[in-house]
There are 2 protein chains.
Amino acid sequence: MRPTVHDIAAAAGVSLATVDRVLNQRPGVRGVTRDKVEAAIREIGYVRDVAAANLAKGRTYPFVFIVPASDNSFMHGLNAEVRAAVARSPVERTDIRTVEVPAFDPEALVAVLDQLGEERPAGIALVATDSPEVREAVDRLVQSGIPVVTVVSDLTGSLRHHYAGVDNIAAGRTAARLLGRFLGGAKGDIAVLAGSMLVRDHRERLEGFASLIAEEFPDLTVLPVIEGRDDPDMAHMLVADALAKRDGIIGVYSLGAGNRGLIRALKDKAADRRLTVVAHELTAHTRAALLDGTIDAILNQDAGHEVRSAIRVLKAKADGLSVIDAQERIRLDIFLKDNLP
Amino acid sequence: MRPTVHDIAAAAGVSLATVDRVLNQRPGVRGVTRDKVEAAIREIGYVRDVAAANLAKGRTYPFVFIVPASDNSFMHGLNAEVRAAVARSPVERTDIRTVEVPAFDPEALVAVLDQLGEERPAGIALVATDSPEVREAVDRLVQSGIPVVTVVSDLTGSLRHHYAGVDNIAAGRTAARLLGRFLGGAKGDIAVLAGSMLVRDHRERLEGFASLIAEEFPDLTVLPVIEGRDDPDMAHMLVADALAKRDGIIGVYSLGAGNRGLIRALKDKAADRRLTVVAHELTAHTRAALLDGTIDAILNQDAGHEVRSAIRVLKAKADGLSVIDAQERIRLDIFLKDNLP
DNA sequence: GAATTTCTGATTTACGTACATCAAATTTGG
DNA sequence: CCAAATTTGATGTACGTAAATCAGAAATTC
């Protein structure tokens, strides 16, 4: 049997009430007594029974998810996963509220964060917009004792407790190696389609991609980035235009969302020439394109894993517990035609 | 607030004791009354508070993990993950026992399974050896009401509740496509190193691999399988021999464990010619080989995920709850040099 | 040394469920 | 219709922790 609070009391020679005061950091315990109790806790290896504690507290975890109001498949998927988590709330004792903020708008995000500092939820998960103001706002929250995790897009240099997302530099490098190897030593140009260079994850992917191409595939030239603002029509137009203008393009790396337009442009060109294409985010569209051969590989981050991981980590932090690091690492999924889920 | 047993009692117009009898399937309730209570449960959407129930029951989940006594890195890793789960036992209310059985020995496995049928643990996880006797033994357990999940290697046609492992046919096909694309249309032979064709997962990987090569890369010839019995020295000898004999080998697919010997053989040959290599299972050795360029890609299943998933599923089944399917799908990880964890 | 203040102990209730016991009500069989 | 059997209700205890109250002990202040 695992030790209980009663065992601590007996071991430390104090009463249950005192143990409770120490455990829950309530005032009214002398330093010496506190030390004695803490020693006993360590000695007998007591671990609080979180289930019983939550039952007694009638505790729920009021969490807030801050997501950008972007209209693309990936963010829709993320929202769906948050809603799924909300549906599980009664069982998981969570009470999740979603707040939408305009995309790429640091001020709006900071306003929401500061507001939450007042409300003091049990934890906050946010898709970070990378800016110094946001970092400072997050740091204020952390320092005031609220657990904060970033999802999908991180905030380096900040004090956030955890990042539930992929390493985007590694993602870019992986895309580069796949494209380079698939092209098998051919010489030519690579078109890169991004949403916006204002987003940190897109910048990082590009950085990783360009650096690996430069290092290991000198015969390939990375063309200036096409910014499609994650808009299908805009992406379609820009990509079609680029393909028409430049004969040398033999590969495409699409590192953002809004792949519908890209796929359309590629299919228009299909008769002329076959390109090697690596894209991000598995959606209905990219999946179909992978299966029909328009796309050669898809890199993906599983939004469901990210949301569930964020919640687990927030809970653990709220309870002052540790997390299983390996379990919380978000992997970069690589999908070929053959290993689609 | 989520509804409690009291709410059911009130809604159904019966006493708490009766609700309890219905919920826990105790005798002494008339059919009509039982129906009335069950209707109320559905109506108000009652879900048992598992935490409180376990607390009241003082329940622990006695689980048994049956693992083969194989001496290779992957099984060592699996064992380590099971031990890690045992270490978490007090917190997770599990009580996990590990039973080692001789590898590839259906009779031994059946004996253990039948024995466990007597002991009636709350759940069983096993690395299945694929044979009709084992399937029947598993079916007996399932039919007697014990939750059973297979790990790493499945048992098709059986009634096991869940399989915590990768789709090995898809893994083989993925390996084939990677190898084929990396070779960029070259013509030549592919050597395949397996542990033993008696193991189901190895057979399936080979099947997937060979079929995709045949379908899409007609210029590649898959040589007869080399069975290295997952033994480094034996693998080294056989691979070195094959490389010496056949000039045409331009790629290698290693679908089993025991990659140390393969890597040594490849390095011996490194000066002569550069092969394209895809291997299974990320270990210290394969990781180093991937980084130094001896191996081009590693396919991996995360043993930690498999063990944790198996435990979650067993718990859910033991409590009669459903599982989040997407969360329990074990992915095939593809590692290149750049996205190593 | 008395009056405060600060600490500690003892005890109780609660959380939602499980489980046991005993009494009361209802149904069933003859 | 009565006795026996079955079903239902009422009640209490337990699980491990949280949280509150009140009384008593110890330390501190003047």
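Proteins get letters first, then strands, A, B, ... in listed order; numbering begins at 1 in each.
Using a 4.0 Å heavy-atom cutoff across all strands shown, B:D49 reaches sugar-phosphate atoms only and no base atom. Residue A:G13 is classed as a sugar-phosphate contact, given heavy-atom separations below 4.0 Å to backbone atoms only. Residue contacts shown for B:D20 include a base, since a base heavy atom lies under 4.0 Å away. Within 4.0 Å (heavy atoms only), B:G58 reaches no atom of the nucleic acid at all. Using a 4.0 Å heavy-atom cutoff across all strands shown, B:A17 reaches at least one base atom of the nucleic acid.
With salt bridges taken as basic N to acidic carboxylate O contacts below 4.0 Å, none links B:R2 and B:D7. Between A:D154 and A:R160, at least one side-chain nitrogen of the basic residue sits less than 4.0 Å from a carboxylate oxygen of the acidic one, meeting the salt-bridge criterion. Classification of A:R135 and A:D130 as a salt-bridged pair fails, no side-chain N sitting under 4.0 Å from a carboxylate O. B:R308 and B:E92 are not joined by a salt bridge, as no carboxylate oxygen comes within less than 4.0 angstrom of a charged side-chain nitrogen. A:D319 has a carboxylate O that lies under 4.0 Å from a charged side-chain N of A:R59, or vice versa, which qualifies the two as a salt bridge.
For B:S15 and D:dT8, the shortest distance from a side-chain N or O to OP1 or OP2 is not below 4.0 Å. At C:dT8, one or more side-chain N or O atoms of A:R30 fall inside 4.0 Å of OP1 or OP2 (strictly under the cut-off). Contact annotation: A:T18 side-chain N/O to C:dT8 OP1/OP2 distance is not under 4.0 Å. At C:dA18, one or more side-chain N or O atoms of B:R48 fall inside 4.0 Å of OP1 or OP2 (strictly under the cut-off). A close approach under 4.0 Å does not occur between any side-chain nitrogen or oxygen of A:R2 and OP1 or OP2 of D:dG16.
Judged by atom type and distance alone, B:R21 reaches the base of D:dG9 through a side-chain donor-acceptor pair under 3.5 Å.
Nearest nucleotide to the side chain of B:V5, out of C:dT17, D:dT17, C:dT8: C:dT17.
In this structure, A:L16 places its CG atom 10 Å from C1' of D:dG16, rounding to the nearest Å. Atom pair A:R93:CZ and D:dA18:P shows a separation of 13 Å (rounding to whole Å applied). If you measure from atom OH of A:Y46 to atom P of D:dG16, you get 10 Å, rounded to the nearest angstrom. Distance B:K36 NZ to D:dG9 C1': 12 Å, rounded to the nearest Å. Taking atom CG on A:D7 and atom C1' on D:dG16, their separation rounds to 11 Å, with Å as the unit. A straight line from CG of A:L55 to P of D:dA14 spans 17 Å, rounded to a whole angstrom. The separation between B:N24 atom CG and C:dA20 atom P is 10 Å, rounded to whole Å. Between the NE2 atom of A:H6 and the P atom of D:dC15 there is a distance of 9 Å, rounded to whole Å.
Residue-to-nucleotide proximity on DNA chain C shows that, of B:N54 and A:V29, the 5′-proximal contact is made by A:V29. If B:K57 and A:L23 are placed on DNA chain D by their nearest nucleotide, the residue sitting closer to the 5' end is B:K57.
Taken to the nearest 0.5 Å, the CG atom of A:L55 stands 6.5 Å off from the CG atom of B:D49.
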